[in-house]
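This report refers to the structure that appears directly beneath it.
For clarity, every value in this text was computed on a predicted model and none was experimentally measured. Remember, it's 1-based here, ligands and their atoms both numbered in the order they're listed. The chain is numbered in sequence order, starting from 1.
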Amino acid sequence: KLGMAYRKDDNFGEWYSEVVVNSEMIEYYDISGCYILRPWAMEIWELLKEFFDAEIKKLKLKPYYFPLFVTENVLQKEKDHIEGFAPEVAWVTKSGKSDLEAPIAIRPTSETVMYPYFSKWIRSHRDLPLRCNQWCNVVRWEFSNPTPFIRSREFLWQEGHTAFATKEEADQEVLQILELYRRIYEEFLAVPVSKGRKSEMEKFAGGLYTTSVEAFIPNTGRGIQGATSHCLGQNFAKMFDITFENEKGAREMVWQNSWAYTTRSIGVMVMTHGDDKGLVLPPRVAPIQVIVIPVPYKDADTTAIKEACESTVYNLNQSDIRADLDTRENYSPGWKYSHWEMKGVPLRIEIGPKDLANKQVRIVRRDNGSKVDIPVINLVEEVKALLDGIQENLLKTAKEKRDACIEVIKTWDDFTAALNNKRLILAAWCDEEEVEKDVKARTKGDLGAAKTLCTPFDQPELAEGTLCFASGKPAKKWSFWGRSY
Ligand SMILES: O=C1CCCN[C@@H]1CCCn1cnc2cc(F)c(Cl)cc2c1=O
Ligand SMILES: [Mg+2]
C-alpha cells in the first residue's frame, strides 16, 4: 500500500495510526490496547536500550529479572497509593479449568514484587547502595483510548529501583537518571523535552518527589510525560521494613529512587517528526540510515549498477553506517522511493547509468527532500555529514515548533483561550494543591482537563507581586500547564 490516506494536519489520530502501520512498526492485535511490535519498532527500542544500558552500567546498576506475578496481599501492601490504580490491575484467576486458590496479579509496576527482597538483602551499610534495573513488560488495564506506543495495556520499559544510605545520594541519582532521559529524547529521538518537578498532586503518590522530562505534541496541543525519575524518600523503606545497620551500629531506613522510560518514547518520536509521506526517522535511531536503490535503464549495464550498489553499501557498513540496498526486481525505483520514505529512512542513494559514468551517486534527504550528487570517493564523509545534519535539523525544527506553542499567560481568561488554542501554557501560580484541583474542575470537558505538566527547573524570573492566574494569590513559581496524554 503506497501513500497516506490521511494528512497530519487534517486528521492527526488517523494519520498516526496509519503511519505506524504503513512504516511496518505496528500490527494491530485482536485484543484492544495490545499491539504487535514489528522489527522496525523493536530495532529502535534496541538502539535506545543499547545506549541507556551502557550508561546505567557506568552508574553501577545491576541487571535483574523479577517475576511477572505478584500475590494479592503483597500488592495490597501499598494500599494507600494503589487504591486509585486498582481498576488497572490484571488478575490471573484460573489455570486450565480450575480456579487458582487466590488470584494472582500481573505486575503493573514492580515495587511490591521487589521490595520484600530488598528488605531481605539489605542488612548493613555495606549492602548499600543497592542498584537494580530490569527490562521487562508491564500490564495496566487502561480504559481511555488506546494508542500504539502512547497508551497500551501492555508496554515495554526499564524500571530502575535503587536504595542508598543517605538522601543526598538518592537526590543526586534522581537527576543523573533524568539527564539520561533528556539525552534519550533530545540526542537520539530528536524530541525537545523540559526537565522539571511534578506538583504534589501529579507526583507518584507513594514517593517523596517526582521529576520528569515533558514533551509536547503541537498537532493536538497536548503535553506528554516522556519519562519519570522519583525520589521515594523512606516511604517504601517504612512500608517494607528496608533498614540497615550504619557504621555506628544504629539501625536506619534506606533512601530509595525509582525511574522508568517506556516504548511510549517511540510514539512521541513518530508524532513529532512524521509527515504526510509517513515516518521520518532521526538517524541515531534509524534501523536503516541509508537505503541504496539501483536505477536501471532498459539497455543499461544492470550488473555494473548492482555491483556499484553493493560496494556502496559495503563501504558505508565498513564505516558503521547502517546501510542496506533494495534490488527487488518486482518493484520500480519510484515504488521503492515511496516505500522507504514511508518507513522514514533518513537518506536514499540512487545509482543509475549516469551516476555510474560520472563516478557519483545521487543522495536524497528524507527530512527536507533535498537532492545532491556526491563523488563516490567522498561518499562516507558526505553521508556522515548529511546524517549529522538531519539529526540536528530534526531537533532544531521540533524545538522551534514546540517553542512557538508556548504561551505565557497571567489571567484566567488568557489561560482558557490558550488551552483552546492548543498552547503549551507557562503560568505563574501559588502552588496550592486546592487551586490545581480547582483548575482541573473548571477545565473539565471532553478534551480532558488542564493540569500542571511540570515545574521546569529552568525557572523564568518571577517579578515581585506576580499573582496566581487562577487564585489571585501571590505566585510562587512558574509551571507548564496544558491538557495531556
Ligand atoms: O513510575 C515509576 C518508575 C518505575 C517504577 N514505578 C514507578 C511508579 C509507578 C506508579 N504507578 C503507576 N501505575 C500503577 C498502576 C497500578 F495498577 C498499580 Cl497497582 C500501581 C501503579 C503505580 O504505582
Ligand atoms: Mg497510569
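A salt bridge does not link Arg366 to Glu341: none of the charged side-chain nitrogens sits closer than 4.0 Å to a carboxylate oxygen. Between Lys203 and Glu200, at least one side-chain N (NZ, or NE/NH1/NH2) sits under 4.0 Å from a carboxylate O, which counts as a salt bridge. Between Arg182 and Glu187 a salt bridge is recorded (basic side-chain N to carboxylate O distance below 4.0 Å).
Atom numbering of ligand 1 starts at 1 in the shown order; those under 4.0 Å from a heavy atom of Pro108 are 15 (C), 16 (C), 17 (F), 18 (C), 19 (Cl). Annotation for ligand 1: atoms under 4.0 Å from non-hydrogen atoms of Ala260 are 3 (C), 4 (C). Every atom of ligand 1 with a heavy atom of His161 under 4.0 Å away is listed here by number and element: 5 (C). Applying the 4.0 Å criterion to heavy atoms of Thr228 picks out, from ligand 1, the atoms 1 (O). Near Trp259, with a cut-off below 4.0 Å to any heavy atom, the atoms of ligand 1 are 3 (C), 4 (C). For ligand 1 and Val89, the ligand atoms under 4.0 Å from any heavy atom of the residue are 17 (F), 19 (Cl). Per-residue contacts place His230 under 4.0 angstrom from the following atoms of ligand 1 (heavy atoms of the residue considered): 1 (O), 2 (C), 3 (C), 7 (C), 8 (C).
For a threshold of 3.5 Å applied to N or O pairs, the pair formed by Glu159 and ligand 1 contains no separation below that value.
Only the side chain of Phe204 comes within contact range of ligand 1, with a heavy atom under 4.0 Å; no backbone atom does.
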Exercise for review: Could you please spell out the steps behind the side-chain hydrogen bond (donor to acceptor under 3.5 Å, both in side chains) verdict for Thr210 and His230?
Suggested key: CA-CA 4 Å; Thr210 292; His230 314 282; 2.7 Å; yes

Practice item. Could you check Glu111 against Thr109 for side-chain hydrogen bond (donor to acceptor under 3.5 Å, both in side chains), going step by step and ending with a plain yes or no? Key: CA-CA 6 Å; Glu111 283 79 1; Thr109 181; 2.7 Å; yes

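With respect to Trp259, the side-chain contact (heavy atoms from CB on, under 4.5 Å) criterion is satisfied by exactly one of Glu173, His161, Glu159: Glu173.
Of the candidates Trp141, Tyr261, Phe85, the one placing a heavy atom closest to atom 18 (C) of ligand 1 is Phe85.
You'll find the side chain of Trp45 reaches within 4.5 Å of the side chain of Trp135, heavy atoms only.
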